[in-house]
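I have placed the structure first, in the form of structure tokens, so that the comments after it can refer back to it.
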There are 2 protein chains.
Amino acid sequence: MSRKNQTSELKSRVMEVALGHFSEVGIERTNVSNILNDSGCSVGSLYHHFGNKEGIAEALFIDGVNQFNSRLLEALLPRRTASNGIKAIVTFCCEWVTDQPELAGFLLSREVTLSDNAKLELRKMDREFGQSIYDWFVPHVRSGALLELPTSMYVPLICGSTLEYSRLWISGRNNRSPGAVASILAEAAWQSVKSSP
Amino acid sequence: MSRKNQTSELKSRVMEVALGHFSEVGIERTNVSNILNDSGCSVGSLYHHFGNKEGIAEALFIDGVNQFNSRLLEALLPRRTASNGIKAIVTFCCEWVTDQPELAGFLLSREVTLSDNAKLELRKMDREFGQSIYDWFVPHVRSGALLELPTSMYVPLICGSTLEYSRLWISGRNNRSPGAVASILAEAAWQSVKSSP
DNA sequence: TGCTTATTAGAACATTATTCTAGTATTTAT
DNA sequence: ATAAATACTAGAATAATGTTCTAATAAGCA
């Protein structure tokens, strides 16, 4: 196997192992030595590739956001009506969280403290993503199907309930998965942003 | 001053100082030595009173939840209609977060890992609080004013948007405070749980 | 007044993340 | 094909920092 492949496999293995520990006991309480043992990586390699423990968390975070963003766009952009679009967003979130609760829990936990570099990269990703989302929304606000609100309120109104429910489910405090109650959450989100008749 | 007062004042000072650091850089990244310097507490006293760093966070957390719960009940229980009650909950949350962003940010961050003891105490508090809330809700669900939903969904549906918006505001990503957009959040929450005509 | 107990103090300790130096393999250039 | 440069691996040594421990102090109480 080529050096490149070997290396990227080692990095993936470290990230996979780290995610398991992070989502179980949090970043602070997972020991670097456990990650090293479970992944078969050496101290030197780990610090060479990731800089420090937070660096692993950062890599996981950026990967996760990337994956989430691109799949969400796939789910949203084909929708032609406001109602279908809003419900598609919520339903997608529910399924995504239900499918990968470890990664979702990690992203939702907000325990990652990003380096300046990571912040920049994330901001760049966010701008592109935000633009696509914005372009989908504008016509529906113009047409009067959606309420006209301060821009920063759409995400909380549409996704807030779902994210809060997901946090509770991930931490084991309710039985039904987000996927199982997606239709309720989707309808509620739609009711809260549709413009009243 | 009596020993008792001196001690409780020291504890408050430590907690106040710790909250400042915690809300600024998180629990992990605040150094015990900084808390010691800024509060004038000694290593021995700190560990005598709080057990460890997490113990300070735990005390802050329990205090915060207690304060939040009792004030929320004061705001909710006098309301006679479903619509007024739901809006009172959301409005109260918005004002509470806006009034004490440090404490709110700390509670919302979920970085505290509770000891078994603290978990028990919190569960007890939660049961009492939950019961009062439940008693207020039941008649409005019976009367058909509110949707009948799985119990675990009311909190996310009513507070999810507000909490998500609050997190964003606290982390500096939008200008208007929750207090300033409370009416929008309250109306949205009401739309999402009122039973459709 | 003397005894008990809660509290204070900070030096010593233990844990754990990170650095550093040296060595090895792989690619790239000549 | 060989040499030079680079990327990577290794783990012992180090540094940072949370926590324990022993002794001293002072408040409350009989």
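Side-chain proximity of B/Leu10 to the nucleotides D/dT9, C/dT8, C/dT18 is greatest for C/dT8. Looking at the side chain of A/Asn31, the nearest of the listed nucleotides D/dT17, C/dA17, C/dT18 is C/dA17. The side chain of B/Tyr47 has D/dG18 as its nearest neighbour among C/dT7, D/dA12, D/dG18. Nearest to the side-chain atoms of B/Val43 among the listed nucleotides D/dT20, D/dC8, C/dT8 stands D/dT20. Taking only side-chain atoms of B/Val32, from C-beta outward, the nucleotide of D/dT9, C/dT7, D/dG18 with the closest atom is D/dG18.
One atom, CZ of A/Arg29, and another, C1' of D/dG18, lie 14 Å apart when rounded to the nearest Å. Rounded to whole Å, atom C1' of D/dC8 lies 6 Å from atom NE2 of A/His49. A/Lys53 has its NZ atom 5 Å from the P atom of C/dA17, to the nearest Å. Rounded to an integer number of Å, the gap from A/Phe50 CZ to D/dA7 C1' is 15 Å. Between B/His21 atom NE2 and D/dT17 atom C1' there is a gap of 15 Å when expressed in whole angstrom units. Distance NZ (A/Lys11) to C1' (D/dC8): 12 Å, rounded to an integer number of Å. Between A/Leu36 atom CG and D/dA12 atom C1' the separation is 14 Å, expressed in whole Å. Atom CZ of A/Arg13 is separated from atom C1' of D/dT9 by 13 Å (rounded to the nearest Å).
Taking 4.0 angstrom as the limit, A/Ser42 places a side-chain polar atom (N or O) nearer than this to OP1 or OP2 of D/dA10. Note on B/His48: every side-chain N or O is 4.0 Å or more away from OP1 and OP2 of D/dT20. In terms of phosphate contacts, A/Asn52 brings no side-chain nitrogen or oxygen within less than 4.0 Å of OP1 or OP2 of C/dA17.
Using modelled atom types, one finds no donor on one side chain facing an acceptor on the other under 3.5 Å when comparing B/Asp63 with B/Gln67.
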| said: Go through it in stages, so that I can follow the logic: the residues are A/Asn174 and A/Tyr165, the test is side chain to side chain contact (heavy atoms under 4.5 Å, CB included), and I'd like the CA-CA distance, side-chain angles, deciding distance and then a yes or no. | reply: CA-CA 9 Å; A/Asn174 43 45; A/Tyr165 187 87; 3.8 Å; yes

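With salt bridges taken as basic N to acidic carboxylate O contacts below 4.0 Å, none links B/Glu111 and B/Arg29. Ionic pairing of A/Glu74 and A/Arg71 is not present here: no N-O contact between side-chain nitrogen and carboxylate oxygen is shorter than 4.0 angstrom. A salt bridge does not link B/Lys124 with B/Glu121: every distance from a Lys NZ or Arg NE/NH1/NH2 to an Asp or Glu carboxylate oxygen is 4.0 Å or more.
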